[in-house]
**Student:** 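Take this structure first; my questions come after.
Order of listing sets the numbers, starting from 1, for every ligand and every atom in it. Worth knowing before you read on, the calculation uses all heavy atoms, side chains too, and leaves out hydrogens, waters and symmetry mates.
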Amino acid sequence: MSPPRCGDERDAMTTPEHVAIIMDGNGRWAKARGLPRVAGHRAGVEALRKTVRAASDLGVGWLTVYAFSSENWSRPKSEVSDLMGLLKLFIRRDLAELHQSGVRVRVIGDRVGLAPDIASLLDEAESLTAENRALNLVIAFNYGGRDEIVRASRRIAEAVARGSLESSAVTAEVFAGFLDTAGIPDPDLVIRTSGEQRMSNFLPWQSAYSELVFLSCYWPDFTQEHFADALRQYAARERRFGGVLPRGVAQGVAS
Ligand code: FPP
């Protein structure tokens with residue numbers, strides 16, 4: 001965990017440095033209102049905008065959001081196209097404001113096979129905001145954790161075959177450097193909305209020791225209050241990373 005920034009209100013012991021969110025429930029939110037699914041995704045983008053602002057207010061340094069999984073291609077063509085359109089709109093409309101607010105945008109996931117206009121927008125968002133430091137926004141797009149691990153393994157195998165890496169030098173740390181998330185701290189907290197309680201191939205390597213908070217609200221209804229509530233739940237957790245608590249504190253099974 002990096003030290004708190006000067007003038008920063010966050011409590012470094014209890015505020016997660018990195019929060020990752022599975023923004024689930026857009027479809028059900030729309031269905032409950034008799035609206036098409038795309039209306040749920042549009043409302044989801046609005047919730048995302050508010051959440052980015054809230055992350056800064058709440059002292060979170062890194063925010064990763066699961067915007068489109070490598071499995072989402074199996075949705076009806078029209079929904080896939082709606083989601084692609086919303087990503088483009090989000091970047092086109094919000095990039096200037098994100099940049100002005102000091103947000104650095106990074107995108108994880110497989111870029112190969114993405115439409116050229118989307119790929120170039122993602123590149124533009126990353127390069128324009130590369131020097132920003134107020135908040136790191138990581139967008140998981142065409143992302144799947146298993147796919148990420150397979151791509152990393154392939155790159156490692158290629159480096160070994162080239163002779164630029166010894167197989168005996170491949171440690172967990174070296175491996176992590178080949179993932180899309182190289183240089184990004186592991187999430188301290190993963191939030192999933194909509195009442196579902198699973199990880200759905202989201203950051204399986206990186207979330208090995210993350211705290212998980214499941215909220216019943218659908219993603220479009222997620223507010224700063226829900227965010228603050230998740231942070232309160234996180235603050236009450238006891239993280240041991242497989243170790244034990246210091247002497248004088250009740251000890252339990254390492255987990
Ligand atoms: C899950 O809801 C949500 C998604 C698959 C996409 C998340 C996308 C957004 C919040 C909007 C797009 C944002 C960007 C930046 C592209 P679901 O459709 O699985 O909902 P359901 O489980 O209720 O059907």
**Student:** What is the nearest protein non-hydrogen atom to atom 1 (C) of ligand 1, stated with its residue, atom name and distance?
**Tutor:**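 Protein heavy atom at minimum distance: M23 O, 3.3 Å.
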**Student:** Can you check which of R28, R42, R75 brings a heavy atom nearest to atom 17 (P) of ligand 1?
**Tutor:**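 Minimum heavy-atom distance to atom 17 (P) of ligand 1 goes to R75.
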**Student:** Can you classify the ring geometry of Y143 versus F202 as parallel (below 30°), tilted (30 to 60°) or perpendicular (above 60°)?
**Tutor:** perpendicular
**Student:** With K88 as reference, evaluate D94, D82, D117 under the salt bridge (Lys or Arg N to Asp or Glu O under 4.0 Å) test and give the passing residue.
**Tutor:** D117
**Student:** When clusters are formed by joining ILVMFWY residues with side-chain heavy atoms under 4.5 Å apart, either directly or through shared neighbours, do V65 and L114 land in the same one?
**Tutor:** yes
**Student:** Could you say whether the N/O atoms of G27 and ligand 1 ever approach to under 3.5 Å?
**Tutor:** yes
**Student:** Record the part of N72 in heavy-atom contact with ligand 1 below 4.0 Å; permitted values are side chain, backbone, both and neither.
**Tutor:** side chain
**Student:** Starting from atom 13 (C) of ligand 1, what is the nearest protein heavy atom, named by residue and atom, and what distance separates them?
**Tutor:** V45 CG2, 3.8 Å
**Student:** So is G25 in contact with ligand 1, going by heavy-atom distances below 4.0 Å?
**Tutor:** yes
**Student:** Would you say W219 has any N or O atom under 3.5 Å from an N or O of ligand 1, going by distance alone?
**Tutor:**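 Min N/O separation from ligand 1 is not below 3.5 Å for W219.
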**Student:** Under 4.5 Å between side-chain heavy atoms, hopping through other hydrophobics if needed: is there a path connecting L63 to L95?
**Tutor:**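 Linked within one cluster.
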**Student:** Report the distance from atom CD of E131 to atom CZ of R133, rounding to the nearest 0.5 Å.
**Tutor:** 6.0 Å
**Student:** For ligand 1, which atoms have a heavy atom of H41 less than 4.0 angstrom away?
**Tutor:** 11 (C), 18 (O)
**Student:** Is it true that the side chains of N142 and W73 contain a donor and an acceptor less than 3.5 Å apart?
**Tutor:**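 Per modelled atom types, N142 and W73 side chains form a pair under 3.5 Å.
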**Student:** What do we get for W29 next to ligand 1 when only non-hydrogen atoms under 4.0 Å count, side chain, backbone, both or neither?
**Tutor:** neither
**Student:** Among A30, G85, A67, whose heavy atom sits nearest atom 8 (C) of ligand 1?
**Tutor:**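 Nearest option to atom 8 (C) of ligand 1, by heavy atoms: A67.
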**Student:** Which bit of R37 gets closer than 4.0 Å to ligand 1, counting heavy atoms only: side chain, backbone, both or neither?
**Tutor:** side chain
**Student:** Answer yes or no: does an N/O atom from N26 fall short of 3.5 Å to an N/O atom of ligand 1?
**Tutor:**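 N26 vs ligand 1: N/O contact under 3.5 Å present.
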**Student:** State yes or no: do L86 and W29 share one hydrophobic cluster built from I, L, V, M, F, W and Y residues joined by side-chain heavy-atom distances below 4.5 Å, directly or via other members?
**Tutor:**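 In one cluster with L86: W29, no.
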**Student:** Are D186 and H18 linked by a side-chain donor-acceptor pair shorter than 3.5 Å?
**Tutor:**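 On atom types as modelled, these side chains do not qualify, holding no pair under 3.5 Å.
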**Student:** Counting each atom of ligand 1 from 1 as listed, which ones have a heavy atom of L48 under 4.0 Å away?
**Tutor:** 15 (C)
**Student:** Using a cut-off of 6.0 Å, state whether more than 12 heavy atoms not belonging to R53 lie near its atom CZ.
**Tutor:**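 Yes.
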**Student:** Between I139 and ligand 1, find which residue part has any heavy-atom pair under 4.0 Å and reply side chain, backbone, both or neither.
**Tutor:**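 It is neither part, as no heavy atom is under 4.0 Å.
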